[in-house]
Amino acid sequence: RQWGGHTAIAVYALLAAGENPQEPHLKPAIDFLEKANIQSTYGLGISAQAWNLIPATPAVRAVAAHDVRMLDLGLIRRGENAGFYAYWTGDKLGTDQPRWGDDSNFTYQPKGWHDLSNSQYAVLGMWALDQSGAEVPSDFWKITDAAWKKKQEADGSWRYNKDKEPSASMTAAGIAT
């Protein structure tokens with residue numbers, strides 16, 4: 001389900017450390033990510049960080065626009081968990097098939113399931129995509145802002161999901177988000 005995510009986090013780490021995207025050891029991995037059909041929330045959230053550190057070529061702009069679409073599709077828009085995400089934003093098993101085309105294979109999460117860890121990666125991914133010049137729907141920010149504020153506990157903390165106790169890691173995620 002996290003297909004492509006390992007490459008995305010390695011590329012992001014190298015770029016964030018100051019590596020040149022044109023370096024012979026890094027360019028093939030970036031080329032892979034430009035073609036990869038990443039459909040996991042974590043993978044998309046991390047790869048979005050990379051697009052923010054790479055010159056905005058037409059290929060990078062197209063990938064960023066596609067990733068905005070995938071993250072927007074994965075956002076739960078109705079019910080008590082509106083504004084949150086689960087593990088995937090497309091085909092639940094992930095795919096190495098080309099990314100371009102329609103959304104006919106989009107698979108929604110099990111009804112009502114979500115967690116704040118995946119949700120944080122999605123929001124940070126959308127933020128990076130916005131920073132890279134991709135157009136993020138304005139209602140995305142309104143929906144996610146309201147959702148995170150609603151899930152904050154009276155003591156200021158956040159939980160991974162309703163079945164877990166509040167934690168420092170999820171509270172840090174809530175503050176960052």
Side-chain angles (χ1 to χ4, degrees), residues 1-5 8-9 12 16 33 37-53 56 60-94 99 102-177:
R1 291 185 179 172
Q2 301 302 323
W3 186 89
I9 200 165
Y12 171 63
L33 289 177
N37 194 357
I38 298 175
Q39 298 191 17
S40 68
T41 305
Y42 286 127
L44 283 165
I46 287 292
S47 66
Q49 304 301 318
W51 305 137
N52 200 25
L53 298 174
V60 168
R61 284 193 297 274
V63 171
H66 178 269
D67 290 355
V68 165
R69 174 76 177 138
M70 291 301 293
L71 286 170
D72 194 48
L73 280 170
L75 179 67
I76 299 169
R77 292 187 172 274
R78 292 189 178 92
E80 74 176 90
N81 298 322
F84 293 103
Y85 286 82
Y87 282 103
W88 67 85
T89 62
D91 175 35
K92 69 179 180 177
L93 299 179
R99 68 170 58 237
D102 64 29
D103 303 315
S104 61
N105 290 328
F106 188 82
T107 305
Y108 287 94
Q109 303 295 302
K111 187 170 179 119
W113 195 89
H114 74 288
D115 69 66
L116 272 61
S117 177
N118 275 288
S119 298
Q120 180 199 23
Y121 271 77
V123 172
L124 294 176
M126 282 292 225
W127 174 82
L129 292 164
D130 182 73
Q131 294 298 301
S132 72
E135 189 171 329
V136 175
S138 61
D139 74 330
F140 173 83
W141 304 114
K142 293 174 189 168
I143 292 167
T144 56
D145 182 58
W148 280 82
K149 287 176 179 174
K150 181 180 171 186
K151 291 283 185 177
Q152 188 175 20
E153 301 293 319
D155 67 359
S157 65
W158 277 270
R159 309 168 177 263
Y160 174 79
N161 65 23
K162 67 180 180 176
D163 299 326
K164 304 287 184 186
E165 291 297 316
S167 68
S169 61
M170 286 298 95
T171 299
I175 292 167
T177 305

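Taking CG of Asn81 as the start and NZ of Lys162 as the end, the distance is 7.0 Å to the nearest 0.5 Å. Interatomic distance, Gln120 CD to Ile175 CD1, rounded to the nearest 0.5 Å: 10.5 Å. Separating the CG atom in Asp115 from the OH atom in Tyr121 is a distance of 11.5 Å, to the nearest 0.5 Å. Distance CG/Asp67 to CG/Leu44: 5.0 Å, rounded to 0.5 Å.
Between Gly156 and Gln152, the shortest heavy-atom distance links the atoms O-NE2, 2.9 Å. The heavy-atom pair separating Ala147 from Gly83 by the smallest distance is CB-CA, 3.6 Å. Contact between Met170 and Arg159 at its shortest, heavy atoms only, is CG-C, 3.7 Å. Counting all heavy atoms, side chain and backbone alike, Gly125 lies closest to Leu71 at C-CD1, 4.3 Å. Taking all atoms of both residues into account, the shortest heavy-atom contact from Lys150 to Glu80 is NZ-O, 3.8 Å. Here the closest heavy-atom approach between residue Asp72 and residue Met126 is recorded as N-CE, 3.8 Å.
Counting only distance, with no hydrogens or angles, the side chain of Ser157 and the backbone of Thr171 share no donor-acceptor pair below 3.5 Å. Listed for the Trp148 side chain is no donor-acceptor partner under 3.5 Å among the backbone atoms of Ser119.
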Item to check | Worked verdict on Leu116 versus Phe84 for side-chain contact (heavy atoms from CB on, under 4.5 Å) | outcome: CA-CA 7 Å; Leu116 272 61; Phe84 293 103; 3.8 Å; yes
Next on the checklist: Determine whether Leu75 and Thr144 satisfy the following criterion, side-chain contact (heavy atoms from CB on, under 4.5 Å), listing intermediate values before the conclusion.
Outcome noted: CA-CA 9 Å; Leu75 179 67; Thr144 56; 3.9 Å; yes
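Paired with Ile46 under the rule side chain to side chain contact (heavy atoms under 4.5 Å, CB included), one option of Leu33, Leu124, Ile9 passes, and it is Ile9. Residue Ser117 is tested with Tyr42, Tyr87, Tyr85 for a side-chain hydrogen bond (donor to acceptor under 3.5 Å, both in side chains); the sole match is Tyr42.
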Sequence neighbours left out, cut at 3.5 Å: what donor-acceptor pairs do the side chains of residues 129-142 make with other protein atoms?
residue	atom	partner	partner atom	Å
Ser132	OG	Leu129	O	2.8
Asp139	OD2	Arg77	NH1	2.9

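Counting heavy atoms from C-beta outward, Lys151 and Trp158 have side chains that approach closer than 4.5 Å.
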